[in-house]
4 protein chains.
Amino acid sequence: MSSRVGSMTGRPRDPAVDEAIRQATLDLVAEQGYRGVSMEGIAARSGVSKQAVYRRFAGKGEVILDSLVAYARTRLPTPDTGDLGEDLLTLLEETFAAQRGVPGALNQALAAEALQDPDFARRVTDTLIQSRRAAVGEILDRARSRGQVTYPDNDVLIDLVFGPMWYALVFDATKLTDAYATELSAAVTTLAASPPD
Amino acid sequence: MSSRVGSMTGRPRDPAVDEAIRQATLDLVAEQGYRGVSMEGIAARSGVSKQAVYRRFAGKGEVILDSLVAYARTRLPTPDTGDLGEDLLTLLEETFAAQRGVPGALNQALAAEALQDPDFARRVTDTLIQSRRAAVGEILDRARSRGQVTYPDNDVLIDLVFGPMWYALVFDATKLTDAYATELSAAVTTLAASPPD
Amino acid sequence: MSSRVGSMTGRPRDPAVDEAIRQATLDLVAEQGYRGVSMEGIAARSGVSKQAVYRRFAGKGEVILDSLVAYARTRLPTPDTGDLGEDLLTLLEETFAAQRGVPGALNQALAAEALQDPDFARRVTDTLIQSRRAAVGEILDRARSRGQVTYPDNDVLIDLVFGPMWYALVFDATKLTDAYATELSAAVTTLAASPPD
Amino acid sequence: MSSRVGSMTGRPRDPAVDEAIRQATLDLVAEQGYRGVSMEGIAARSGVSKQAVYRRFAGKGEVILDSLVAYARTRLPTPDTGDLGEDLLTLLEETFAAQRGVPGALNQALAAEALQDPDFARRVTDTLIQSRRAAVGEILDRARSRGQVTYPDNDVLIDLVFGPMWYALVFDATKLTDAYATELSAAVTTLAASPPD
DNA sequence: GGATAAGCGAGACGGTACGTCTTGTCTTCTC
DNA sequence: GAGAAGACAAGACGTACCGTCTCGCTTATCC
């Protein structure tokens, strides 16, 4: 979010304002979805001035991104059960479960913003997407060292893990059930272990 | 788009207006992306009144959808080479190639609209997504009858074909290269042929 | 209203349409005042096409004028009691009473239109205002021949009769009571009989 | 116009904006009459955003009223020559002269708005009309104390002063000449001095 | 402790787009 | 031709956000 590297003179930013903005964003997106989220609305809802929001964030996307990151910070130890299928299933079930709640709405908002601004899309990729991909990459690497993965390229496998999720977030979020997590993780596991040509 | 099924009384809609709206939408999205597309802008660019646009389309999403459908109508014979990998590769190469051009921008615009309105998302699914999925379903069915597909469920395979594309459209459209088409089609082909558990 | 002097070929105008337009205008102005009167609304309310209205009338003002003239056609024998005060009182009481009803709203609408279009203002003057003034002129002339009027100029007296009415129609129509009619007619009668300087 | 009595927090309104709006309104009404005055046009002409206009004024009427009040603020010491006829003549000549210029067009616009909205009509009465009437009331009171006025009721006399003016503004503003001012003031003076019945 | 610097709530500002409403004209088919 | 139906260009309506700005006031650190 903010930075303010150098001089530490002047009144310091009020952390309560940061928190109020985050909370208002979560509330709004939970209640009305992305349509109901506006900079103006966030400021009003959080009882904070617009300037206070713009001082911290360059735009709506950044606010959403910050809320999502703060929201997700509490979780995510990458599963490590000793079995690729098990690991993927756990991760996808947890991830999909989240998409059915507030984080799902935030991810949709994020996608909408990313679609309107390639620069922001890159920001999201660097901040959020990469770390999620890295988690799956870790799982695959561990499985690979166990001999469970013969597929040469992690990247494609990771795309197959996350691609369908975003596809669903865009067009039909209700698709992201536990059953779908099972099907997908099984498919990727099978492909990962398929003998190379 | 318009419908107007029953009553054929009154002055008929001017097809030139339809065309002008479509063309203006294509021009705008090509020049400035989704951000540059507004109902007002479309009307101005096409030299048509706003009413004329709103008479035909309920919102920006519908205009974009119509333009995309009209644009795509000229193509798409589902490939049928007798080989699953070949068919998928051809389809993905063509599809990805399109995403690098105007249809890609239109698809992004469509996604952005869908994310803001679940009802519209369903409209898109019914109008566009389903038929694209059906094309891949056909390819898979033919291959299945040849014994090239053992994977029990078409749906997941289709998700694996299109999921990564939308994922890329949201966050990094430059990913949609021929090389990526090759990788993806190979992956899906392999999975489709993988021995059942 | 219309004229259509020359060629009498083709389908003749439907008098029912004329009547429907008039009635719809009266209904609308009675229910919602001038704000509620639009060419579109009149056509819709009367079940007539807009074209049918425009074929007859050049604009909203003409429609209102026509309705008012048709409405008023049923009345107005100029009072002739043999006494100026009595004549004026009768005329003003009747006129003011009308202003408290539908004709009042029509007159307001007429004024609003006249204020927006000087040409139409002249039309109204020629069509309506002059005849009303002539009625008072007649009363004055008769009284003058009886010696009840010494004031040299009819015109100013007539202005003093009608001016306050329009003043009230613009800013506060509720002022047009019987009491006010009494006061006004008395004032004008007094002035008319006042000895010349 | 604006009010905003209490809270003096936040950025203060820019007086230059107020002035620009007034000037644009005057310009537009002078150039094109009431027809040429629109909220959109005022904003455009004054180089001000529509919001800035709507923040200050509830509608077109209020803008016009404000412009008129500001315009008229520079004048109007009630004449006091010691003679009723003289006072009325002076006042009417000046008033009529104004009606031949921009204030006349503004008054016409005001009337048009008042005719479309009774609430606004009351606003105008309270803001503008009353004070004009009070000026004439003063003249009459002074003359009455001199014995020049025997007519019992100021109100009717004032109606006879202003009624014909509005009558003319609605239907034929060219009538408001110096000669007409002379005739009218003479008539009212005569009536005011007429012996009670 | 007084100066300096930044944060803060409030709200105005120029812009842009929204979706609706009217006006007056035009175009089709039916009577 | 008239008539119903309804499309059309033009343009105003009033509202909602965007991102920036300008006030008066409140904290902080630095000299």
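So you know, we letter chains A, B, ... as the sequences are listed, proteins then strands, and number each from 1.
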Just compare dG6(F), dA7(F), dG3(F) and give me whichever is closest to any side-chain atom of T9(B).
dG6(F)
Distance check needed: dG14(F) C1' versus F57(D) CZ, whole Å only.
16 Å
Looking at the base of dA16(F), is there any donor atom on it, or on the side chain of Q51(D), that sits under 3.5 Å from an acceptor on the other one?
yes
Go through the steps for R123(C) and E62(C) under the test salt bridge (charged side-chain N to carboxylate O under 4.0 Å, His left out), then give the verdict.
CA-CA 9 Å; R123(C) 275 272 298 144; E62(C) 297 289 344; 2.5 Å; yes
Could you give the side-chain donor-acceptor pairs of residues 39-49 of chain D under 3.5 Å, partners two or more places apart or in another chain?
residue: E40(D); atom: OE2; partner: K50(D); partner atom: NZ; Å: 2.7
residue: R45(D); atom: NH1; partner: E31(D); partner atom: OE1; Å: 3.3
residue: R45(D); atom: NH2; partner: E31(D); partner atom: OE2; Å: 2.5
residue: S46(D); atom: OG; partner: I42(D); partner atom: O; Å: 2.7
residue: S46(D); atom: OG; partner: A43(D); partner atom: O; Å: 3.2
residue: S49(D); atom: OG; partner: A52(D); partner atom: N; Å: 3.2

In terms of side-chain heavy atoms of Y54(D), which of dG3(F), dC13(F), dG24(E) is nearest?
dC13(F)
With sugar-phosphate meaning primed atoms plus P, OP1 and OP2, does G47(D) contact a base, only sugar-phosphate, or nothing at under 4.0 Å between heavy atoms?
sugar-phosphate
Quick one: are L65(A) and T127(A) in side-chain contact, heavy atoms under 4.5 Å?
yes
Can you tell me the distance, in whole Å, between the CD1 atom of I21(D) and the P atom of dG14(E)?
8 Å
Given 3.5 Å as the limit, does a donor-acceptor pair link the side chain of Q108(B) with the main chain of L115(A), or not?
no
Please determine, for the side chain of R13(B), which listed nucleotide (dC13(E), dA7(F), dC8(E)) has the closest atom?
dA7(F)
Residue pair K50(B)/S49(D) against DNA chain E: nearer the 5' end by closest nucleotide is S49(D)
Is the shortest distance from a Lys or Arg side-chain nitrogen in D18(D) or R56(D) to a carboxylate oxygen in the other one below 4.0 Å?
yes
How many whole angstroms separate atom CD of Q116(B) from atom C1' of dC17(F)?
13 Å
For DNA chain E, determine which residues of residues 31-42 of chain A have any heavy atom closer than 4.0 angstrom to one of its atoms, and list them numerically.
none
What's the CZ-C1' distance between R55(B) and dT27(E), to the nearest Å?
13 Å
Pick the closest DNA chain F nucleotide for G59(D) and for V48(C) by heavy atoms, then say which residue is nearer the 5' end.
V48(C)
Could you give the CZ-to-P distance, from R56(A) to dG19(F), as a whole number of Å?
17 Å
4.5 Å side-chain heavy-atom contact, V170(C) and L110(D):
no
Is there a donor and acceptor pair, one atom on the side chain of R11(A) and one on the base of dA28(F), closer than 3.5 Å?
no
Can you measure D18(D) atom CG to dC13(E) atom C1' for me and round it to whole angstrom units?
13 Å
Dump the intermediate steps for side chain to side chain contact (heavy atoms under 4.5 Å, CB included) on Y34(C) and Q116(D), then the final yes or no.
CA-CA 6 Å; Y34(C) 174 58; Q116(D) 294 175 51; 3.4 Å; yes
Between C1' of dC18(F) and CG of D117(A), the distance in whole Å
14 Å
Between dT20(F) atom C1' and D14(D) atom CG, what is the distance in whole Å?
14 Å
